[in-house]
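Whatever order the structure lists ligands and atoms in, that order sets their numbers, starting from 1.
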Amino acid sequence: MNKTYDCLVIGCGLAGAVISRELAERAGKKVLIMEKRSHIAGTTYDFLNEDGILVHKYGPHIFHTYNKRVFDYVSRFTKWRDYSHEVLANVYGKLMPVPFNLNSLYMAFDLKKADRLEQKLVSAYGMGQRLTIAELGNNKDSEFQELADFIYNNVFLNYTQKQWGVTPEEIDSSVIARVPILISRDNRYFQDTYQGIPANGYTSLFDKLLDHPNISLRLDTDANELLKIIEDDIFFEDRPFKGTVIYTGALDQFFDCQFGRLPYRTVDFLFETHDVTWYQSKGTINYTVDQPFTRITEFKHLTGQSVYNKTTIMKEYPKSYTGSEGETPYYPIISSDNFKLYEKYKQLTNSLRDFYLLGRLAEYKYYNMDAIIERALILADEIICSRKGNNIDEDNNIYSSVL
Ligand code: UDP
């Protein structure tokens, strides 16, 4: 029997790192994290490229949350750069704020029409409200239907086809609902109470998160090769493992894709460095009517790095994930068929004692960063409390350890 570790955590992204810290710190567990990649921080990993620009290797990550517990938790490990992300849609050369808002109206239409639409929208829905494109399209007023068609055709259709390979009607409505229509002049992409970028980057945040004497880390380690399940028992490095296992990887891969692959979208990220101080006016420009890529992000806007005459941008080319060497599954594709397939895999874990699935891949959910952190904190509460007869701290609505 393996006595060195109390917990095995597979994957060192946000889910794996947060739960490891919680179990190590609050429950005194000896945790081993195994990470397939040669670096920590999962898809939030950032690094200085050869031109000295801090870039996000796996696509832009902007932290935002309404959840104070989550914000306070992350703030233990980083200071923040106060940054509100803004996105513009490039519609045949015109740049209009996304989510589409009252300012976007004036970019899209002449003054008279924009004025009229603004007044009608405010009186129908109220200043400060948000609604989905479907809600606007279902309004009986033909001018609202026309506006919904305009937004659908110029903001959602082409971008969604590139991102998901299908039209907006063919994906789960929750995906499009992530980007509402705003009856306001708020040009921020997110309206959450707390938003920002870790002042020294995400990788540095992870360095602090993982800096605990009870946490050990093995990089370049494929846990699927070291963990085996034999008749409902878990074996680690060929010895029975009786502790807690948290799995944050793709669930189909843990079971050798025996029922077939779970579908995901992946993205090719193309970096370009240009000899100019600024390439574009905002952090991200979405190409919603043309171009083969979905968006261009210029990292200096996000990070606040001050570099003269050099800037790095990223173009994103989404495509189907096939499972080939070097491809990464980024986006689960939400549908009832895919969820049924996921459930088949999940059932294989039901008989495993002390085995938990956590995070975007393992739970097959389109989680934002804050939702993953929240899930990890709640799962840690559950694991710690189910063992130790701990108390619930009603004021903070969290469980407090009495270890
Ligand atoms: N979307 C779109 N046009 C845009 C922005 C978003 O059609 O300009 C749709 C698209 O289907 C996208 C979804 O809304 O996948 C969610 O967008 P979000 O920005 O949340 O995607 P993420 O940043 O997670 O890739």
Task: Under 3.5 Å: donor-acceptor pair, side chain of D222, backbone of K36 - done: no
TODO: To the nearest 0.5 Å, tell me how far F190 CZ sits from R188 CZ.
DONE: 11.0 Å
Task: Side chains of E327 and T322, donor plus acceptor under 3.5 Å - done: yes
Task: Exercise: do T312 and N49 side chains pair donor with acceptor under 3.5 Å - done: yes
Open item on the list: Tell me whether R353 is salt-bridged to D233, with the criterion being a basic N under 4.0 Å from an acidic carboxylate O.
Closed with: no
Task: Neighbour count above 12 (heavy atom, 6.0 Å) for E343 CD - done: yes
Do any nitrogen or oxygen atoms of ligand 1 lie under 3.5 Å from a protein nitrogen or oxygen, and which ones?
residue  : atom   : partner : partner atom : Å
ligand 1 : 3 (N)  : V155    : O            : 2.9
ligand 1 : 7 (O)  : V155    : O            : 3.4
ligand 1 : 7 (O)  : F156    : O            : 3.2
ligand 1 : 7 (O)  : T160    : OG1          : 3.0
ligand 1 : 8 (O)  : N286    : ND2          : 2.8
ligand 1 : 11 (O) : T160    : OG1          : 2.9
ligand 1 : 11 (O) : W164    : NE1          : 3.3
ligand 1 : 15 (O) : W164    : NE1          : 2.8
ligand 1 : 19 (O) : Y189    : OH           : 2.5
ligand 1 : 20 (O) : R178    : NE           : 2.8
ligand 1 : 20 (O) : R178    : NH2          : 3.2
ligand 1 : 21 (O) : Y366    : OH           : 3.1
ligand 1 : 23 (O) : R295    : NH1          : 3.0
ligand 1 : 24 (O) : R178    : NH2          : 3.2
ligand 1 : 24 (O) : Y366    : OH           : 2.6
ligand 1 : 25 (O) : R295    : NH2          : 3.4
ligand 1 : 25 (O) : Y331    : OH           : 2.5

